[in-house]
Amino acid sequence: MTEFEPKIIAFCCNYCAFAAADLAGAMRLQYPHNVRIVKLPCTGKVDALLLMKAFEDGADAVFVAGCLEGQCHYLEGNLRARKRVTYVKRLLEEVGIEGDRVEIFNLSSAMGGRFAEIVEEMTKKAKDLGPTYISKKFHTEAK
Ligand code: FES
């Protein structure tokens, strides 16, 4: 039997988190390959619909990664994103999906190592939780 490989979606802001992901690559850091990065101008662009749609489309875990608090290039985008992630945790629980499957992180562009750690953490969490009842369908179809 093949090991469950979770699908992780990362919504990263262009300025810090995406640059940190890029740095992780440039530093040749090893991290799980099952993360798909969606680059956004700012995490303030993230809304509940976008996060829920990622789960509807088969994600096993989703994370939002933006600038450090106080350093968002659009002032409060990352603070708004944090509130939305908290809201989506509740929404997920209401539809029978563990709220821990969605998280938010703050990074600077120099934190390539931390980005790799986050991917490891989210992958481990998704593996421990197993597929969602939605993603099970996608994992079954892929076989
Ligand atoms: Fe990075 Fe807003 S510009 S979180």
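Computed over heavy atoms, backbone and side chain alike; hydrogens, waters and symmetry mates excluded. One-based numbering, in listed order, for ligands and for the atoms of each. Residue numbers count from 1 along this sequence.
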Thr43 neighbourhood, listing ligand 1 atoms whose heavy-atom distance to it stays under 4.0 Å: 4 (S)

Within 45 degrees of the axis of the six-membered ring of Phe138 and under 6.0 Å from its centre: does Lys7 put its NZ or CZ there? yes

In terms of atom number and element, which parts of ligand 1 are under 4.0 angstrom from non-hydrogen atoms of Tyr15? 3 (S)

What part of Cys67 sits under 4.0 Å from ligand 1 if we count only heavy atoms: the side chain, the backbone, both or neither? both

Using only heavy-atom distances, determine whether the side chains of Ser135 and Asp60 contain a donor-acceptor pair under 3.5 Å. yes

Quick one: pull up NZ in Lys89 and CD1 in Ile104 and give me the separation to the nearest 0.5 Å. 10.0 Å

Does Lys125 have more than 12 heavy atoms from other residues, nucleotides or ligands lying within 6.0 Å of its NZ? yes

Please examine the side chains of Phe11 and Leu51, heavy atoms only from C-beta on, and report whether any two atoms are closer than 4.5 Å. yes

Using a strict 4.0 Å cut-off to heavy atoms of Cys42, name the atoms of ligand 1 that fall inside it. 2 (Fe), 3 (S), 4 (S)

Determine, using the 4.5 Å side-chain heavy-atom cutoff (strictly less than), whether Phe63 and Tyr15 are members of one ILVMFWY cluster. no

Less than 4.0 Å is my threshold; does some heavy atom of Cys13 fall inside it relative to ligand 1? yes

The closest protein heavy-atom partner of atom 3 (S) of ligand 1 is His73 N, 3.4 Å

Selection from Cys72, Gly66, Ala19 by shortest heavy-atom distance to atom 2 (Fe) of ligand 1: Cys72

